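Structure record follows, encoded as structure tokens.
Quick caveat, the model's predicted, so the values are computed rather than measured.
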Amino acid sequence: MQQFMERSKLPLKLTYRAVGSSTGQAEFAAGTNDFGSGDIPLSTDTYSALEPGIVQLPIVLGAISLFHSIPNVPDGIGGLNLTSCLIARIFKRQIVEWDHPDILTLNPNLRKHLPHPDYPVTVAHRKLGSSSTASITAYLHDSCPQEWSDTMVGKTITWPDDTLTCEGSGGMTNCIRNNPGTIGYIDSGHGHSEGLVEIELQNLDKNYLSSKEAAARGGIGAAAGAVPSSADANFADVSLLNQPGPDTWPIVTLTYVYVRKDLSHLFNEEANHAEQSLLVTFLRALYEPAYIDQCANLFGFTPVPERVRNLGLAGIQMLQVNATAPEWSFETSTLANTGQGDYVLSVKRRTYAELQRSNNMDDVEDLLLEYDRLSQLTKELRQQVESLQIRTQVLQELQASVAVTSADPAFTDLKEFQLKTALSLAALSFVMCTVGMLIMIGRFFLKK
């Protein structure tokens, strides 16, 4: 949206409120907003009330994963292995210690990493109705119904009293990070960007992997199984949970945009129905690599497979736009004269804010280079300090030797000369090492 506003010659205003899937769907159904978006499809009841006047456009795939803050336990392979049934028992507080025998069976080396025996497990969950809660609880029921009943599935459920309640993805991040020994769920892109430690989860094919490993092997897109053949169909029963495949991630969500087919409510006489065609152009951009790949690169989402992309584009064709609405286009390389048109979104057009962001990125790159240089200097200085400590110890031992042997009647002038010479050479070496360290520090400040 920001890029559309920055690249338009005409003044545009597009806004979006991040209020969660539940609120977004409710406001869309009530007609409060022009379109909505969420990680879950509309329920059958909501769809039926709006049918046949809507389309649901699948735009990206996202992985929900579990992250923890057990001290000293690494990320990725060699990290914490868990099954859905173990997670269910942990969430129900049937397992309250990380060195529980059933956890150690899958993680024989975990005990040596724990700060102490009987290290407690803390469970974190979302506060309000959340699509991630709906996905994680549906997955637990689907993959381990004997431990997680269907009464414990939904966007909002009743959690045990001794669990942490966390508001939003940011709140979940803080709950996990600020409470050692905590396990919680969050969209994997957010968790990875925050540097949280992910578990290795067993998938339907009995393989342990993280969502990051699954994504690298195509295991996110592999979960996109059967979807309806048309964007105006009912998606309520679509599930990408616990799908087969050796590298398939078992908790995958599909993000939708909900739009009414009839766009006549978007009408501004002065704009000549341009709002209608602008919305259509925006929706099409969600299927263009130049735009949607930003979601993958910045936030860890996965673009939908080609067949789902084609379904979405066909759904956009169903939108009813006034025949007089102007057609919007994109300028990706310089188009003389036409690039300056009123309804052209041009990558050549830049605002001061965008220019400033670009400059900030250059500053960030410079800071990263400076950080690398400082890290190398720190490493060299640490080596020098260690060398000085060794040399200081040798000097102290030589001084002690001189003091002891001087009192020995058998101690000759020659031996005293040899000891003092060795002591002087050691002292000279110490001085030279110190001078070398000072030169290194001086060079650093001269480079600045």
TODO: Return yes if some donor-acceptor pair links the side-chain N/O of Ser277 with the main-chain N/O of Pro326 below 3.5 Å, else return no.
DONE: yes

Open item on the list: Could you check whether any side-chain N or O of Asn234 sits under 3.5 Å from a backbone N or O of Ala236, counting only pairs where one atom can act as donor and the other as acceptor?
Closed with: yes

Open item on the list: When you measure from the side chain of Tyr343 to the backbone of Leu10, do you find a donor-acceptor pair of N or O atoms at a distance under 3.5 Å?
Closed with: no

Open item on the list: Main chain of Ile59, side chain of Thr255: is a donor-acceptor contact present, judged purely on distance under 3.5 Å?
Closed with: no

Task: Pi-cation contact, Phe28 with Arg260 (under 6.0 Å, within 45°) - done: yes

Open item on the list: My understanding is that only one of Asn203, Asp187, Leu241 makes a side chain to side chain contact (heavy atoms under 4.5 Å, CB included) with Ile251; could you say which?
Closed with: Leu241

- [ ] Before giving the answer on side chain to side chain contact (heavy atoms under 4.5 Å, CB included), spell out for Trp249 and Ser65 the whole-Å C-alpha distance, their side-chain angles and the decisive distance to 0.1 Å.
- [x] CA-CA 9 Å; Trp249 182 248; Ser65 190; 3.3 Å; yes

Open item on the list: Can you confirm whether Asp162 sits close enough to Arg93 that some side-chain heavy atom of one is under 4.5 Å from a side-chain heavy atom of the other?
Closed with: yes

- [ ] Would you please test Phe91 and Trp159 for ring pair (Phe, Tyr, Trp, His ring centres under 6.0 Å) and show each step?
- [x] CA-CA 8 Å; Phe91 280 6; Trp159 293 88; 5.5 Å; yes

Open item on the list: Is there a side chain to side chain contact (heavy atoms under 4.5 Å, CB included) between Gln56 and Tyr47? Walk through the geometry before answering.
Closed with: CA-CA 10 Å; Gln56 299 181 77; Tyr47 171 79; 4.0 Å; yes

TODO: For Asp102, enumerate each residue passing the salt bridge (Lys or Arg N to Asp or Glu O under 4.0 Å) test, keeping only those at least two apart in sequence or located in another chain.
DONE: Arg89

Task: Basic-acidic side-chain contact under 4.0 Å: Lys212, Glu198 - done: no

Task: Check: Ser69 side chain, Ile176 main-chain N or O, donor-acceptor pair, under 3.5 Å - done: yes

Task: Cationic N near anionic O, under 4.0 Å, Glu147 to Lys92 - done: yes

Open item on the list: If you define the side chain from C-beta out and look only at heavy atoms, does anything of Leu66 sit under 4.5 Å from Leu82?
Closed with: no

Task: Side-chain heavy atoms of Ile40 within contact of Thr253, under 4.5 Å - done: no

Open item on the list: Whether the His190 and Thr173 side chains hold a donor-acceptor pair (N or O, under 3.5 Å, no angle test) is what I'd like checked.
Closed with: yes

Task: Nearest-0.5 Å distance, SG of residue Cys166 to NZ of residue Lys127 - done: 10.5 Å

Open item on the list: Other residues, nucleotides and ligands only: do more than 12 of their heavy atoms fall within 6.0 Å of CG on Leu104?
Closed with: yes

Open item on the list: The test is side-chain hydrogen bond (donor to acceptor under 3.5 Å, both in side chains); show your working for Ser43 and Asp45 and say whether it passes.
Closed with: CA-CA 5 Å; Ser43 67; Asp45 289 343; 5.4 Å; no

Open item on the list: Looking at Asp142 and Ala138, would you say the former's side chain and the latter's main chain have a donor-acceptor pair under 3.5 Å?
Closed with: no

Open item on the list: Closer than 3.5 angstrom, by distance alone: can the side chain of Ser188 be matched with the main-chain N or O of Ala63 as a donor-acceptor pair?
Closed with: yes

Task: Any residue meeting salt bridge (Lys or Arg N to Asp or Glu O under 4.0 Å) with Glu306, in chain and number order, not counting sequence neighbours - done: Arg309

Open item on the list: A quick test of your reading: do over 12 heavy atoms of other residues, nucleotides or ligands sit less than 6.0 Å from CD of Glu327?
Closed with: no

TODO: Look only at the side chain of Asp99 and the backbone of Arg111, and say whether a donor-acceptor pair between them is shorter than 3.5 Å.
DONE: no

Open item on the list: With no hydrogens and no angle check, just 3.5 Å: does a side-chain donor-acceptor pair link Asp232 and Ser230?
Closed with: yes

Task: Nearest-0.5 Å distance that lies between atom CD in Gln276 and atom OG in Ser264 - done: 7.0 Å

